[in-house]
There are 2 protein chains.
Amino acid sequence: MTTVLVCDDSPLVRETLRRAVATVPGVERVTTATSGEEVLRRWGAERSDLVLMDVRMPGLGGVEAVRRLLAGDPGARVIMLTMAEDLDGVALAVAAGARGYLHKDASRAELRATVSQALADPTWRLAPRRLRSADMGVAPTLTAREIQVLEGMSHGRSNAEIGRELFLSEDTVKTHARRLFKKLGASDRAHAVALGFRWGLVR
Amino acid sequence: MTTVLVCDDSPLVRETLRRAVATVPGVERVTTATSGEEVLRRWGAERSDLVLMDVRMPGLGGVEAVRRLLAGDPGARVIMLTMAEDLDGVALAVAAGARGYLHKDASRAELRATVSQALADPTWRLAPRRLRSADMGVAPTLTAREIQVLEGMSHGRSNAEIGRELFLSEDTVKTHARRLFKKLGASDRAHAVALGFRWGLVR
DNA sequence: ACGACCGTCACTCGAAAGGGTTACGGGATT
DNA sequence: AATCCCGTAACCCTTTCGAGTGACGGTCGT
């Protein structure tokens, strides 16, 4: 019985991953956990062949979870999930024994390929993958202009200021703003900036 | 005789690093190499206590150089140098046995601190350095209330909504908002949310 | 060639936001 | 005791935002 355990605190990401992993040939069961603590708690009773775990989680972080998991079971295979370019987190997790990592905005195909390979080869290590966001149905695609406007907002610029910076009229900036709000599902600029950070669109 | 080996193909970077490392207390000699091949070639004759090596180098890359170096001498201590956010390179190098990494745009102080620590403690591994925050100092301290308000903003709530949620008047929310803006140095709520994410105050 | 976006700009209008200021009771700190 | 910060609340006043709407030329894919 080949099982994969997906661990992420965000229900949205968790479900997306679960569904994607479930389509990998050979995977018979996908279980989920919402925290590192839960993974450790359940590991004794019910092990998985592969664990996909978020680097950043509240409470016990992904790195520490990997460390403890491998301390108890050196054979466990873990792939870390990372939102943006989380250098520290990934490096620490790999040092702790994670087999590799995946960006959360990887395509479904890439995700499946990596999971498939990790399951097929028990000695598999680190096939880094960086990819697009659109395929996961998670992160909205903003145009270059919209991202520029969003970045301006994240720096505390007013629409007029952003306009001067980008040589646009304030009205044009407002149009871009409205469009990116709609795409992100944001109710105002503060929300948009937050979502931008959460999707890794801005830093 | 404590010696450090700096390996980078760019003369400019190499010299800068050499001079910086030379000022670390306890370091008696700093040698340089321009390629992974050179490091391996000279390692038999003349070992160093610590190697600083660029991840990206022409010919034998930094990752492969680390792998081969450690294959011949498992006790060798290597810190990788990386230009930008080179997730793949760093992860691979760490997997290959590198003790840690440093951004090339790290401050002199950061570099020296890391080298110093690596030399002092032979078991040293991965003291991740987040340089974004390094030059900013320390995160401002927000009160619990202020963080609640900031979180409300990051969820796209208006002041009135946040007030209803926290059983406060809108005016009180505005007061908290104004105070947290001042603490963060934010010009508006969007900026405040961005700074909150950058400081790790909200997620 | 025909939508579907994208980038650009304009106008209106009501609803928020944000600055300044004041105030008062309570902790904590000095 | 004096002071500083916090939590609460209110008032005024100006600026900014955001929604709605319309428009026009360009590009891309079908």
Side-chain angles (χ1 to χ4, degrees), chain A residues 105 107-109 131-199 201-202, chain B residues 137-199 201-202:
Chain A
D105 56 354
S107 73
R108 211 179 192 75
L131 303 141
R132 264 288 62 72
S133 355
D135 315 306
M136 292 280 283
V138 182
T141 325
L142 299 193
T143 67
R145 264 294 190 242
E146 286 161 351
I147 288 190
Q148 286 179 319
V149 170
L150 184 58
E151 275 171 349
M153 291 178 179
S154 82
H155 290 324
R157 251 82 98 175
S158 69
N159 290 335
E161 284 170 332
I162 295 171
R164 280 193 289 278
E165 202 170 37
L166 299 177
F167 304 104
L168 300 174
S169 79
E170 183 182 345
D171 283 318
T172 301
V173 175
K174 282 183 157 193
T175 301
H176 288 307
R178 248 178 294 112
R179 288 179 181 167
L180 77 88
F181 287 173
K182 181 145 261 169
K183 284 186 183 177
L184 291 172
S187 49
D188 57 38
R189 49 182 51 219
H191 197 194
V193 166
L195 293 170
F197 272 90
R198 297 194 181 113
W199 291 132
L201 299 170
V202 294
Chain B
V138 187
T141 345
L142 299 192
T143 67
R145 263 298 189 242
E146 286 161 352
I147 287 190
Q148 286 179 319
V149 171
L150 184 57
E151 274 171 349
M153 290 177 181
S154 83
H155 287 19
R157 251 82 98 175
S158 69
N159 290 334
E161 284 171 331
I162 295 171
R164 279 194 289 279
E165 200 170 37
L166 300 177
F167 305 105
L168 299 174
S169 80
E170 182 182 345
D171 283 321
T172 301
V173 174
K174 281 185 159 192
T175 301
H176 288 307
R178 252 178 286 113
R179 287 180 181 166
L180 79 87
F181 287 174
K182 182 143 259 169
K183 282 186 183 177
L184 292 172
S187 49
D188 56 38
R189 49 179 53 218
H191 196 194
V193 166
L195 293 169
F197 270 91
R198 297 194 182 113
W199 287 121
L201 299 169
V202 293

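Below, read A as the first sequence line, B as the second, and so on, with proteins coming before strands; counting in each chain starts at 1. Please read all numbers here as calculations on a predicted model, not as lab measurements. All heavy atoms count here, side chains included; hydrogens, waters and symmetry mates do not.
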Would you please test A:F181 and A:H191 for side-chain contact (heavy atoms from CB on, under 4.5 Å) and show each step?
CA-CA 9 Å; A:F181 287 173; A:H191 197 194; over 6 Å; no

Step by step, work out the side-chain contact (heavy atoms from CB on, under 4.5 Å) result for B:V193 and A:R189.
CA-CA 10 Å; B:V193 166; A:R189 49 182 51 219; over 6 Å; no

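Taking 4.0 angstrom as the limit, A:K182 places none of its side-chain polar atoms (N or O) nearer than this to OP1 or OP2 of D:dG20. Regarding contacts with the backbone of D:dC17, every side-chain N or O of A:R178 stays at 4.0 angstrom or more from both OP1 and OP2. A sub-4.0 Å separation between OP1 or OP2 of C:dC9 and a side-chain N or O of A:T172 is present. Between B:T143 and D:dG7, a side-chain N or O to OP1/OP2 separation shorter than 4.0 Å is present.
At a cut-off of 3.5 Å, with distance as the only test, a side-chain donor of A:S169 or A:T172 sits close to an acceptor on the other residue.
Residues A:K174 and B:S169 each lie close to DNA chain D; by heavy-atom proximity, the contact nearer the 5' end of the strand is made by B:S169. Residues B:S158 and A:E170 each lie close to DNA chain C; by heavy-atom proximity, the contact nearer the 5' end of the strand is made by A:E170. Position along DNA chain D of the nearest nucleotide to A:N159 versus B:F167 favours B:F167 as the more 5'-ward residue.
Closest to the side chain of A:H176, out of D:dC17, C:dT8, D:dG7, is C:dT8. Which of D:dA10, D:dG18, C:dC9 sits closest to the side chain of A:T175 comes down to C:dC9. Closest to the B:R145 side chain, of the nucleotides D:dG18, D:dT8, C:dA10, is D:dT8. Taking the side chain of A:R179 as heavy atoms from C-beta on, and the options D:dA9, C:dA16, C:dT8, the nearest nucleotide is C:dT8.
We find that CG of A:D171 is positioned 13 Å from C1' of D:dA19, with the value rounded to whole Å. When rounded to the nearest whole Å, the span between CZ of A:R164 and C1' of D:dT16 equals 13 Å. The distance from atom CG of A:L168 to atom C1' of C:dC6 is 13 Å, rounded to the nearest whole Å. One interatomic measurement links the two molecules: CG of A:D188 to P of D:dT15, which rounds to 22 Å at whole-angstrom precision. Distance A:E146 CD to C:dC6 C1': 8 Å, rounded to the nearest Å. When rounded to the nearest whole Å, the span between CZ of B:R189 and P of C:dG19 equals 11 Å. When rounded to the nearest whole Å, the span between CG of B:L142 and C1' of D:dC6 equals 13 Å. Look at CG on A:L184: it is 15 Å from C1' on D:dG18, rounded to the nearest Å.
Within the 4.5 Å cutoff, side-chain heavy atoms of B:T143 are placed close to those of B:K183.
With respect to B:R179 and B:E146, no salt bridge is recorded, no charged nitrogen being found less than 4.0 Å from a carboxylate O.
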